There are 2 protein chains.
Amino acid sequence: MEKFQYDYPHPALTVDCVTFGFDGGEMKILLVKRGIDPFLEKWALPGGFVNIDEDLESCASRVLEKECGIKEVYQEQLYTFGKVGRDPRERVVSVSYMALVRTDDYALLVGNLELSVQWFPISEVKDLAFDHEEILKVALKRLRGKIRYQPVGFELLNEKFTMPELQTLYETILGKSLDRRNFYKKILATELLIKTNEKKSGGAHKAANYYQFDHNKYQELTESGINLEF
Amino acid sequence: MEKFQYDYPHPALTVDCVTFGFDGGEMKILLVKRGIDPFLEKWALPGGFVNIDEDLESCASRVLEKECGIKEVYQEQLYTFGKVGRDPRERVVSVSYMALVRTDDYALLVGNLELSVQWFPISEVKDLAFDHEEILKVALKRLRGKIRYQPVGFELLNEKFTMPELQTLYETILGKSLDRRNFYKKILATELLIKTNEKKSGGAHKAANYYQFDHNKYQELTESGINLEF
DNA sequence: CCAAAAGTGTTTATAGTACACCCATGC
DNA sequence: GCATGGGTGTACTATAAACACTTTTGG
(Lines give C-alpha, C1' and ligand atoms only; values in the text may rest on other atoms or scores of the structure.)
Protein backbone atom coordinates (compact mmCIF):
# COMPACT_ATOMS: atom_id res chain seq x y z
CA MET A 1 0.00 0.00 0.00
CA GLU A 2 1.19 3.46 -0.80
CA LYS A 3 2.35 5.49 2.12
CA PHE A 4 1.90 9.17 2.81
CA GLN A 5 4.70 10.89 4.64
CA TYR A 6 4.88 14.11 6.61
CA ASP A 7 7.64 15.83 8.56
CA TYR A 8 5.49 15.97 11.65
CA PRO A 9 2.54 13.89 12.83
CA HIS A 10 -0.88 14.77 11.40
CA PRO A 11 -4.09 14.04 13.27
CA ALA A 12 -6.71 12.19 11.28
CA LEU A 13 -9.68 14.32 10.26
CA THR A 14 -13.24 13.04 10.16
CA VAL A 15 -16.73 14.40 9.71
CA ASP A 16 -19.64 13.15 11.83
CA CYS A 17 -23.26 13.89 10.99
CA VAL A 18 -26.15 14.37 13.36
CA THR A 19 -29.11 13.72 11.09
CA PHE A 20 -32.53 14.70 12.34
CA GLY A 21 -35.78 13.36 10.96
CA PHE A 22 -39.39 14.04 11.91
CA ASP A 23 -42.46 11.96 11.17
CA GLY A 24 -45.02 13.89 13.13
CA GLY A 25 -44.16 12.23 16.42
CA GLU A 26 -40.83 12.33 18.16
CA MET A 27 -37.58 13.62 16.70
CA LYS A 28 -35.41 10.87 15.30
CA ILE A 29 -31.74 10.64 14.54
CA LEU A 30 -29.92 8.37 12.19
CA LEU A 31 -27.31 6.02 13.61
CA VAL A 32 -25.09 3.35 12.12
CA LYS A 33 -23.96 0.21 13.85
CA ARG A 34 -20.19 -0.08 13.84
CA GLY A 35 -18.80 -3.10 12.05
CA ILE A 36 -15.24 -2.63 13.21
CA ASP A 37 -13.33 -1.92 16.37
CA PRO A 38 -13.19 0.24 18.34
CA PHE A 39 -16.75 0.28 19.66
CA LEU A 40 -17.63 -2.76 17.52
CA GLU A 41 -21.42 -3.30 17.41
CA LYS A 42 -22.06 0.05 19.10
CA TRP A 43 -24.30 2.61 17.45
CA ALA A 44 -22.56 5.75 16.20
CA LEU A 45 -23.15 8.87 14.15
CA PRO A 46 -22.55 8.34 10.45
CA GLY A 47 -19.09 9.65 9.71
CA GLY A 48 -15.96 9.19 7.74
CA PHE A 49 -12.48 10.43 7.03
CA VAL A 50 -12.12 13.63 5.04
CA ASN A 51 -10.59 13.03 1.64
CA ILE A 52 -7.60 15.16 0.81
CA ASP A 53 -9.30 16.89 -2.12
CA GLU A 54 -12.74 17.22 -0.59
CA ASP A 55 -14.38 20.16 1.19
CA LEU A 56 -15.78 19.52 4.64
CA GLU A 57 -19.38 20.06 3.50
CA SER A 58 -18.83 17.71 0.57
CA CYS A 59 -17.51 15.13 2.97
CA ALA A 60 -20.63 15.44 5.11
CA SER A 61 -22.82 15.01 2.02
CA ARG A 62 -20.81 12.07 0.79
CA VAL A 63 -20.98 10.30 4.15
CA LEU A 64 -24.75 10.69 4.30
CA GLU A 65 -25.21 9.49 0.76
CA LYS A 66 -22.82 6.55 0.93
CA GLU A 67 -23.73 5.31 4.38
CA CYS A 68 -27.39 6.18 4.51
CA GLY A 69 -28.62 6.92 1.00
CA ILE A 70 -29.53 10.50 1.84
CA LYS A 71 -29.09 13.18 -0.80
CA GLU A 72 -29.45 16.93 -0.93
CA VAL A 73 -30.49 17.82 2.56
CA TYR A 74 -30.00 20.92 4.62
CA GLN A 75 -26.74 20.75 6.53
CA GLU A 76 -24.66 23.08 8.64
CA GLN A 77 -21.45 22.81 10.58
CA LEU A 78 -21.80 22.46 14.34
CA TYR A 79 -18.54 22.23 16.21
CA THR A 80 -15.19 20.53 15.99
CA PHE A 81 -14.32 17.89 18.55
CA GLY A 82 -10.66 17.22 18.97
CA LYS A 83 -9.93 16.07 22.49
CA VAL A 84 -6.83 13.92 22.74
CA GLY A 85 -7.96 10.36 23.35
CA ARG A 86 -11.48 10.68 21.95
CA ASP A 87 -10.52 7.89 19.53
CA PRO A 88 -8.52 5.08 21.10
CA ARG A 89 -6.71 4.22 17.86
CA GLU A 90 -5.01 7.45 16.95
CA ARG A 91 -5.53 11.17 17.25
CA VAL A 92 -8.76 11.96 15.40
CA VAL A 93 -10.33 15.39 15.12
CA SER A 94 -13.96 15.40 14.04
CA VAL A 95 -15.87 18.23 12.42
CA SER A 96 -19.55 17.69 13.22
CA TYR A 97 -22.45 18.59 10.98
CA MET A 98 -26.18 18.73 11.54
CA ALA A 99 -28.46 17.53 8.73
CA LEU A 100 -32.23 17.87 8.47
CA VAL A 101 -34.28 15.32 6.54
CA ARG A 102 -37.79 16.00 5.23
CA THR A 103 -40.70 13.87 6.41
CA ASP A 104 -41.17 12.28 2.97
CA ASP A 105 -37.52 11.34 2.73
CA TYR A 106 -37.58 10.09 6.28
CA ALA A 107 -40.52 7.84 5.45
CA LEU A 108 -38.82 6.55 2.31
CA LEU A 109 -35.75 5.61 4.27
CA VAL A 110 -37.52 3.89 7.14
CA GLY A 111 -38.13 0.67 5.25
CA ASN A 112 -35.13 0.77 2.97
CA LEU A 113 -32.31 1.09 5.44
CA GLU A 114 -30.10 -1.83 6.25
CA LEU A 115 -30.17 -3.26 9.71
CA SER A 116 -26.93 -1.48 10.45
CA VAL A 117 -28.45 1.91 9.66
CA GLN A 118 -31.52 2.91 11.62
CA TRP A 119 -33.56 5.81 12.89
CA PHE A 120 -33.79 6.18 16.67
CA PRO A 121 -36.14 8.32 18.72
CA ILE A 122 -33.89 10.81 20.49
CA SER A 123 -35.15 9.77 23.90
CA GLU A 124 -33.95 6.22 23.29
CA VAL A 125 -30.45 7.10 22.20
CA LYS A 126 -27.85 5.88 24.62
CA ASP A 127 -24.42 4.36 24.82
CA LEU A 128 -23.07 5.69 21.55
CA ALA A 129 -19.53 5.14 20.31
CA PHE A 130 -16.79 7.72 20.89
CA ASP A 131 -17.99 11.10 22.15
CA HIS A 132 -21.02 10.97 19.90
CA GLU A 133 -23.51 11.56 22.70
CA GLU A 134 -21.78 14.84 23.38
CA ILE A 135 -22.01 15.74 19.69
CA LEU A 136 -25.72 14.92 19.74
CA LYS A 137 -26.20 17.23 22.72
CA VAL A 138 -24.56 20.08 20.85
CA ALA A 139 -26.75 19.38 17.83
CA LEU A 140 -29.93 19.41 19.88
CA LYS A 141 -28.97 22.66 21.52
CA ARG A 142 -28.24 24.19 18.14
CA LEU A 143 -31.53 23.02 16.68
CA ARG A 144 -33.51 24.38 19.64
CA GLY A 145 -31.69 27.67 19.52
CA LYS A 146 -31.89 28.04 15.79
CA ILE A 147 -35.57 27.34 15.37
CA ARG A 148 -36.41 30.38 17.47
CA TYR A 149 -35.01 32.89 15.05
CA GLN A 150 -34.40 31.13 11.75
CA PRO A 151 -36.89 29.28 9.56
CA VAL A 152 -35.06 26.00 9.70
CA GLY A 153 -38.07 23.93 10.69
CA PHE A 154 -39.30 23.70 7.11
CA GLU A 155 -36.28 21.58 6.26
CA LEU A 156 -37.79 18.85 8.44
CA LEU A 157 -41.26 18.96 6.88
CA ASN A 158 -42.36 18.44 3.32
CA GLU A 159 -42.53 21.09 0.63
CA LYS A 160 -46.19 21.50 1.56
CA PHE A 161 -47.21 21.32 5.18
CA THR A 162 -50.06 22.32 7.44
CA MET A 163 -49.97 24.71 10.37
CA PRO A 164 -50.71 21.96 12.87
CA GLU A 165 -47.80 19.96 11.46
CA LEU A 166 -45.50 22.95 11.83
CA GLN A 167 -46.72 23.61 15.34
CA THR A 168 -46.21 20.01 16.38
CA LEU A 169 -42.67 20.19 15.03
CA TYR A 170 -41.96 23.33 17.03
CA GLU A 171 -43.47 21.81 20.15
CA THR A 172 -41.40 18.68 19.72
CA ILE A 173 -38.15 20.55 19.22
CA LEU A 174 -38.76 23.05 21.98
CA GLY A 175 -40.18 20.46 24.34
CA LYS A 176 -43.22 22.48 25.35
CA SER A 177 -46.69 23.09 24.07
CA LEU A 178 -47.53 26.32 22.31
CA ASP A 179 -50.76 28.24 22.06
CA ARG A 180 -52.31 27.60 18.65
CA ARG A 181 -53.60 31.13 18.09
CA ASN A 182 -50.33 32.78 19.11
CA PHE A 183 -48.43 30.35 16.94
CA TYR A 184 -50.52 31.16 13.85
CA LYS A 185 -50.09 34.86 14.53
CA LYS A 186 -46.33 34.66 14.93
CA ILE A 187 -45.76 32.47 11.91
CA LEU A 188 -48.09 34.38 9.60
CA ALA A 189 -46.63 37.70 10.74
CA THR A 190 -43.34 36.77 9.08
CA GLU A 191 -45.17 36.67 5.72
CA LEU A 192 -42.87 33.87 4.67
CA LEU A 193 -45.63 31.33 4.14
CA ILE A 194 -47.64 30.94 0.97
CA LYS A 195 -51.13 29.57 1.51
CA THR A 196 -51.96 26.98 -1.14
CA ASN A 197 -55.42 25.91 -2.22
CA GLU A 198 -54.84 22.35 -1.21
CA LYS A 199 -56.14 20.85 1.96
CA LYS A 200 -55.11 17.86 3.94
CA SER A 201 -58.14 15.65 4.24
CA GLY A 202 -58.43 12.47 6.26
CA GLY A 203 -59.79 12.14 9.75
CA ALA A 204 -63.19 13.09 11.04
CA HIS A 205 -62.48 16.76 11.31
CA LYS A 206 -61.97 19.96 9.40
CA ALA A 207 -59.28 19.69 6.71
CA ALA A 208 -56.09 21.66 7.33
CA ASN A 209 -54.74 24.03 4.72
CA TYR A 210 -51.37 23.36 3.13
CA TYR A 211 -48.74 26.07 3.20
CA GLN A 212 -45.42 26.47 1.42
CA PHE A 213 -42.32 28.24 2.59
CA ASP A 214 -41.46 31.27 0.46
CA HIS A 215 -37.79 30.56 -0.24
CA ASN A 216 -37.43 33.50 -2.60
CA LYS A 217 -38.78 36.04 -0.17
CA TYR A 218 -36.62 34.65 2.58
CA GLN A 219 -33.54 34.94 0.43
CA GLU A 220 -34.37 38.53 -0.46
CA LEU A 221 -34.75 39.34 3.20
CA THR A 222 -31.52 37.70 4.27
CA GLU A 223 -29.64 39.31 1.40
CA SER A 224 -30.97 42.74 2.31
CA GLY A 225 -29.31 42.22 5.67
CA ILE A 226 -32.44 42.19 7.77
CA ASN A 227 -31.99 39.80 10.64
CA LEU A 228 -35.11 37.75 10.95
CA GLU A 229 -36.72 36.78 14.15
CA PHE A 230 -38.68 33.73 13.45
CA MET B 1 14.29 14.37 10.02
CA GLU B 2 11.94 11.71 11.19
CA LYS B 3 9.02 10.99 8.93
CA PHE B 4 5.45 10.18 9.84
CA GLN B 5 3.63 7.76 7.61
CA TYR B 6 -0.05 7.07 7.04
CA ASP B 7 -1.94 4.73 4.74
CA TYR B 8 -3.94 7.57 3.31
CA PRO B 9 -3.25 11.31 3.02
CA HIS B 10 -3.95 13.44 6.10
CA PRO B 11 -4.81 17.11 5.85
CA ALA B 12 -2.74 19.37 8.08
CA LEU B 13 -4.66 20.80 11.04
CA THR B 14 -4.14 24.30 12.36
CA VAL B 15 -5.75 26.65 14.84
CA ASP B 16 -6.19 30.35 14.05
CA CYS B 17 -7.11 32.90 16.71
CA VAL B 18 -9.17 36.04 16.32
CA THR B 19 -8.07 38.05 19.34
CA PHE B 20 -10.13 41.07 20.28
CA GLY B 21 -8.92 43.88 22.48
CA PHE B 22 -10.62 47.06 23.64
CA ASP B 23 -9.04 50.22 25.00
CA GLY B 24 -12.12 52.37 25.27
CA GLY B 25 -12.02 53.37 21.64
CA GLU B 26 -12.32 51.10 18.67
CA MET B 27 -12.16 47.31 18.75
CA LYS B 28 -8.73 45.99 17.93
CA ILE B 29 -7.52 42.64 16.73
CA LEU B 30 -4.11 41.12 17.00
CA LEU B 31 -2.27 40.20 13.82
CA VAL B 32 1.14 38.78 13.07
CA LYS B 33 3.25 39.57 10.04
CA ARG B 34 4.19 36.44 8.17
CA GLY B 35 7.92 35.75 7.92
CA ILE B 36 7.61 32.89 5.46
CA ASP B 37 5.86 32.05 2.25
CA PRO B 38 3.10 31.82 1.31
CA PHE B 39 1.78 35.34 1.93
CA LEU B 40 5.25 36.48 3.05
CA GLU B 41 5.07 39.90 4.74
CA LYS B 42 1.27 39.79 4.84
CA TRP B 43 -0.57 40.20 8.11
CA ALA B 44 -2.38 37.11 9.37
CA LEU B 45 -4.23 35.76 12.38
CA PRO B 46 -1.91 34.15 14.92
CA GLY B 47 -2.08 30.44 14.34
CA GLY B 48 -0.18 27.22 14.32
CA PHE B 49 -0.30 23.54 13.66
CA VAL B 50 -2.04 21.35 16.20
CA ASN B 51 0.36 19.09 18.04
CA ILE B 52 -0.53 15.44 18.03
CA ASP B 53 -0.97 15.27 21.81
CA GLU B 54 -2.61 18.63 22.29
CA ASP B 55 -6.28 19.57 22.64
CA LEU B 56 -7.62 22.19 20.26
CA GLU B 57 -8.21 24.69 23.07
CA SER B 58 -4.70 24.10 24.39
CA CYS B 59 -3.35 24.73 20.94
CA ALA B 60 -5.20 28.05 20.77
CA SER B 61 -3.78 29.01 24.17
CA ARG B 62 -0.29 27.96 23.20
CA VAL B 63 -0.38 29.92 19.96
CA LEU B 64 -1.48 33.06 21.76
CA GLU B 65 1.14 32.70 24.44
CA LYS B 66 4.03 31.77 22.17
CA GLU B 67 3.33 34.21 19.38
CA CYS B 68 1.83 37.09 21.30
CA GLY B 69 2.61 36.68 24.99
CA ILE B 70 -1.05 36.42 25.95
CA LYS B 71 -2.05 34.13 28.79
CA GLU B 72 -5.29 33.01 30.37
CA VAL B 73 -7.88 34.79 28.32
CA TYR B 74 -11.44 33.92 27.46
CA GLN B 75 -11.59 31.82 24.33
CA GLU B 76 -14.20 29.90 22.41
CA GLN B 77 -14.28 27.92 19.22
CA LEU B 78 -15.83 29.64 16.23
CA TYR B 79 -15.89 27.55 13.10
CA THR B 80 -13.71 25.21 11.11
CA PHE B 81 -12.47 26.32 7.71
CA GLY B 82 -11.42 23.56 5.41
CA LYS B 83 -11.94 24.57 1.81
CA VAL B 84 -9.65 22.77 -0.58
CA GLY B 85 -7.07 25.26 -1.76
CA ARG B 86 -7.33 27.71 1.12
CA ASP B 87 -3.62 27.11 1.70
CA PRO B 88 -1.56 26.95 -1.50
CA ARG B 89 1.05 24.60 0.00
CA GLU B 90 -1.02 21.62 1.04
CA ARG B 91 -4.46 20.79 2.33
CA VAL B 92 -4.86 22.63 5.61
CA VAL B 93 -7.98 22.63 7.76
CA SER B 94 -8.13 25.38 10.35
CA VAL B 95 -10.18 25.44 13.54
CA SER B 96 -10.76 29.07 14.44
CA TYR B 97 -11.01 30.47 17.95
CA MET B 98 -12.09 33.82 19.29
CA ALA B 99 -10.15 35.25 22.24
CA LEU B 100 -11.03 38.29 24.35
CA VAL B 101 -8.29 40.33 26.03
CA ARG B 102 -8.93 42.63 28.98
CA THR B 103 -8.18 46.33 28.67
CA ASP B 104 -5.28 46.15 31.15
CA ASP B 105 -3.67 43.25 29.30
CA TYR B 106 -4.27 45.01 26.03
CA ALA B 107 -2.48 48.11 27.35
CA LEU B 108 0.41 46.03 28.65
CA LEU B 109 0.87 44.40 25.29
CA VAL B 110 0.71 47.56 23.22
CA GLY B 111 4.26 48.62 23.97
CA ASN B 112 5.78 45.21 24.38
CA LEU B 113 4.87 43.53 21.14
CA GLU B 114 7.43 42.99 18.46
CA LEU B 115 7.04 44.80 15.18
CA SER B 116 5.78 41.58 13.65
CA VAL B 117 2.91 41.34 16.15
CA GLN B 118 0.57 44.31 16.36
CA TRP B 119 -2.93 45.42 17.27
CA PHE B 120 -5.03 46.79 14.43
CA PRO B 121 -8.28 48.72 14.62
CA ILE B 122 -10.85 46.49 12.97
CA SER B 123 -11.77 49.15 10.44
CA GLU B 124 -8.20 49.19 9.15
CA VAL B 125 -7.81 45.47 8.69
CA LYS B 126 -7.42 44.52 5.07
CA ASP B 127 -5.56 42.22 2.75
CA LEU B 128 -4.93 39.42 5.24
CA ALA B 129 -3.25 36.15 4.39
CA PHE B 130 -5.23 33.03 3.48
CA ASP B 131 -8.97 33.26 4.18
CA HIS B 132 -8.36 35.14 7.41
CA GLU B 133 -10.64 38.03 6.51
CA GLU B 134 -13.47 35.56 6.27
CA ILE B 135 -12.56 34.16 9.68
CA LEU B 136 -12.55 37.67 11.11
CA LYS B 137 -16.03 38.26 9.69
CA VAL B 138 -17.32 35.16 11.41
CA ALA B 139 -15.71 36.25 14.67
CA LEU B 140 -17.27 39.70 14.52
CA LYS B 141 -20.66 38.24 13.82
CA ARG B 142 -20.29 35.86 16.74
CA LEU B 143 -19.20 38.62 19.10
CA ARG B 144 -22.11 40.87 18.06
CA GLY B 145 -24.58 38.05 18.43
CA LYS B 146 -23.20 36.77 21.69
CA ILE B 147 -23.06 40.06 23.53
CA ARG B 148 -26.83 40.38 23.26
CA TYR B 149 -27.60 37.38 25.38
CA GLN B 150 -24.45 36.36 27.20
CA PRO B 151 -22.30 38.43 29.52
CA VAL B 152 -19.17 38.13 27.44
CA GLY B 153 -18.39 41.83 27.36
CA PHE B 154 -16.75 41.72 30.77
CA GLU B 155 -13.97 39.63 29.32
CA LEU B 156 -12.88 42.68 27.35
CA LEU B 157 -12.89 45.08 30.30
CA ASN B 158 -10.97 45.00 33.55
CA GLU B 159 -12.05 43.22 36.69
CA LYS B 160 -13.54 46.52 37.81
CA PHE B 161 -15.23 48.72 35.28
CA THR B 162 -17.68 51.59 35.14
CA MET B 163 -21.08 51.64 33.51
CA PRO B 164 -20.00 54.18 30.91
CA GLU B 165 -17.08 51.91 30.01
CA LEU B 166 -19.41 48.97 29.61
CA GLN B 167 -21.84 51.00 27.57
CA THR B 168 -19.11 52.28 25.27
CA LEU B 169 -18.01 48.69 24.74
CA TYR B 170 -21.52 47.60 23.83
CA GLU B 171 -21.93 50.55 21.50
CA THR B 172 -18.63 49.80 19.82
CA ILE B 173 -19.43 46.14 19.30
CA LEU B 174 -23.00 46.69 18.19
CA GLY B 175 -22.10 49.69 16.07
CA LYS B 176 -24.87 51.91 17.36
CA SER B 177 -25.42 54.24 20.28
CA LEU B 178 -27.56 53.14 23.18
CA ASP B 179 -29.71 55.13 25.56
CA ARG B 180 -27.88 55.49 28.86
CA ARG B 181 -30.90 55.07 31.11
CA ASN B 182 -32.20 52.04 29.26
CA PHE B 183 -28.74 50.54 29.30
CA TYR B 184 -28.41 50.93 33.10
CA LYS B 185 -31.86 49.45 33.57
CA LYS B 186 -31.17 46.44 31.39
CA ILE B 187 -27.76 45.70 32.85
CA LEU B 188 -28.78 46.19 36.48
CA ALA B 189 -31.93 44.11 35.97
CA THR B 190 -29.76 41.05 35.46
CA GLU B 191 -28.45 41.50 39.03
CA LEU B 192 -25.10 40.17 37.87
CA LEU B 193 -23.16 43.30 38.75
CA ILE B 194 -21.72 44.09 42.15
CA LYS B 195 -21.43 47.78 42.87
CA THR B 196 -18.11 48.50 44.57
CA ASN B 197 -17.32 51.48 46.75
CA GLU B 198 -14.58 52.66 44.46
CA LYS B 199 -14.98 55.42 41.98
CA LYS B 200 -13.09 56.34 38.88
CA SER B 201 -11.87 59.88 39.35
CA GLY B 202 -10.16 62.01 36.75
CA GLY B 203 -11.75 64.52 34.45
CA ALA B 204 -13.81 67.54 35.30
CA HIS B 205 -16.98 65.65 36.04
CA LYS B 206 -18.73 63.37 38.45
CA ALA B 207 -16.73 60.22 39.27
CA ALA B 208 -18.15 56.98 37.87
CA ASN B 209 -18.75 54.01 40.14
CA TYR B 210 -16.81 50.83 39.61
CA TYR B 211 -18.73 47.57 39.21
CA GLN B 212 -17.64 43.96 39.23
CA PHE B 213 -19.13 41.05 37.40
CA ASP B 214 -20.63 38.46 39.74
CA HIS B 215 -19.04 35.30 38.36
CA ASN B 216 -20.42 33.10 41.11
CA LYS B 217 -23.99 34.18 40.61
CA TYR B 218 -23.67 33.79 36.87
CA GLN B 219 -22.35 30.26 37.29
CA GLU B 220 -25.21 29.37 39.61
CA LEU B 221 -27.69 30.67 37.08
CA THR B 222 -26.16 28.84 34.15
CA GLU B 223 -25.89 25.65 36.14
CA SER B 224 -29.52 25.85 37.15
CA GLY B 225 -30.32 25.79 33.46
CA ILE B 226 -31.85 29.21 33.19
CA ASN B 227 -31.04 30.70 29.86
CA LEU B 228 -29.99 34.23 30.42
CA GLU B 229 -30.91 37.10 28.24
CA PHE B 230 -28.31 39.68 28.74
C1' DC C 1 -75.69 14.55 15.30
C1' DC C 2 -71.48 13.85 17.42
C1' DA C 3 -66.57 13.62 18.03
C1' DA C 4 -62.23 15.62 16.71
C1' DA C 5 -59.17 18.73 15.11
C1' DA C 6 -58.87 23.40 12.40
C1' DG C 7 -59.32 28.07 12.41
C1' DT C 8 -59.90 32.68 14.38
C1' DG C 9 -59.69 38.04 18.07
C1' DT C 10 -59.40 40.36 22.08
C1' DT C 11 -57.48 41.42 26.45
C1' DT C 12 -53.66 41.63 29.55
C1' DA C 13 -48.90 41.57 30.88
C1' DT C 14 -44.29 42.28 29.87
C1' DA C 15 -40.38 44.16 27.60
C1' DG C 16 -38.40 47.76 24.92
C1' DT C 17 -38.03 52.48 23.48
C1' DA C 18 -38.05 57.46 23.92
C1' DC C 19 -37.06 61.25 26.49
C1' DA C 20 -34.88 65.48 30.30
C1' DC C 21 -33.20 66.93 34.42
C1' DC C 22 -30.08 67.14 38.46
C1' DC C 23 -25.44 65.76 40.39
C1' DA C 24 -20.51 65.55 41.33
C1' DT C 25 -16.04 66.97 39.89
C1' DG C 26 -11.85 69.68 38.13
C1' DC C 27 -10.33 73.70 36.48
C1' DG D 1 -19.21 79.17 38.33
C1' DC D 2 -19.09 76.58 34.40
C1' DA D 3 -18.19 72.85 31.42
C1' DT D 4 -18.16 67.86 31.35
C1' DG D 5 -19.76 63.54 31.77
C1' DG D 6 -22.39 60.50 35.60
C1' DG D 7 -26.61 59.06 37.40
C1' DT D 8 -31.66 58.51 37.62
C1' DG D 9 -37.65 57.81 36.51
C1' DT D 10 -41.70 57.95 33.86
C1' DA D 11 -44.72 57.63 29.94
C1' DC D 12 -45.44 55.34 25.62
C1' DT D 13 -45.19 51.62 22.26
C1' DA D 14 -44.62 47.06 20.66
C1' DT D 15 -44.34 42.45 21.45
C1' DA D 16 -45.65 38.24 23.90
C1' DA D 17 -48.91 35.59 26.64
C1' DA D 18 -53.44 34.12 28.15
C1' DC D 19 -57.73 32.67 26.95
C1' DA D 20 -62.84 30.18 24.29
C1' DC D 21 -65.86 29.71 20.76
C1' DT D 22 -67.19 28.50 15.88
C1' DT D 23 -66.23 25.69 11.68
C1' DT D 24 -65.49 21.74 8.90
C1' DT D 25 -65.28 16.99 8.27
C1' DG D 26 -66.05 11.70 8.59
C1' DG D 27 -68.50 8.32 10.47
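Note that the structure is a prediction, hence the values are computed from the model and not measured.
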For A:Asp179 and A:Arg181, indicate whether the former's side chain and the latter's backbone hold a donor-acceptor pair under 3.5 Å.
->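 Answer holds: yes.
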
Reckon A:Tyr184 has a side-chain N or O less than 4.0 Å from the OP1 or OP2 of C:dG7?
->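 Checking A:Tyr184 against C:dG7: at least one side-chain N or O falls below 4.0 Å of OP1 or OP2.
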
Measuring from the side chain of [X] (C-beta onward, heavy atoms only), which nucleotide among [options] has the closest atom?
{"X": "A:Ala207", "options": "D:dG7, C:dA6, D:dT25", "answer": "D:dT25"}
{"X": "B:Met163", "options": "D:dT4, C:dA6, D:dG7", "answer": "D:dG7"}
{"X": "A:Ser201", "options": "C:dA6, D:dG26, D:dA16", "answer": "D:dG26"}
{"X": "B:Ala204", "options": "C:dA24, D:dG26, C:dG26", "answer": "C:dG26"}

[N] base to [X] side chain: any donor-acceptor pair below 3.5 Å?
{"X": "B:Lys186", "N": "C:dT17", "result": "no"}
{"X": "B:Arg181", "N": "D:dG7", "result": "no"}
{"X": "A:Lys185", "N": "D:dT15", "result": "no"}
{"X": "A:Lys199", "N": "D:dT24", "result": "no"}
{"X": "B:Asn182", "N": "C:dA18", "result": "yes"}

If I take atom [atom1] in residue [X] and atom [atom2] in nucleotide [N], what distance separates them, rounded to the nearest angstrom?
{"X": "A:Phe183", "N": "C:dA5", "atom1": "CZ", "atom2": "P", "answer": "18 Å"}
{"X": "B:Asn209", "N": "D:dG7", "atom1": "CG", "atom2": "P", "answer": "6 Å"}
{"X": "B:Leu188", "N": "D:dT8", "atom1": "CG", "atom2": "P", "answer": "8 Å"}

5' priority, DNA chain D, between A:Arg180 and B:Ala208 [closest heavy atom] |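 This one resolves to B:Ala208.
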
Would you kindly compare B:Thr162 and B:His205 by the position of their nearest DNA chain D nucleotide and give the one closer to the 5′ end?
->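 Closest to the 5' end, via its nearest nucleotide, is B:His205.
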
Which comes earlier along DNA chain C counting from the 5' end, the contact point of A:Tyr210 or that of B:Gly202, where each point is its nearest nucleotide?
->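 With A:Tyr210 and B:Gly202 compared, the 5'-side residue is A:Tyr210.
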
Taking the six-membered ring for Trp, are [X] and [Y] parallel (under 30°), tilted (30 to 60°) or perpendicular (over 60°)?
{"X": "A:Phe154", "Y": "A:Phe161", "value": "tilted"}
{"X": "A:Tyr218", "Y": "A:Phe213", "value": "tilted"}
{"X": "A:Phe81", "Y": "A:Tyr79", "value": "perpendicular"}

Validation row: B:Lys186, B:Leu178 side chains within 4.5 angstrom (heavy atoms) |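 No - every pair of side-chain heavy atoms lies 4.5 Å or more apart.
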
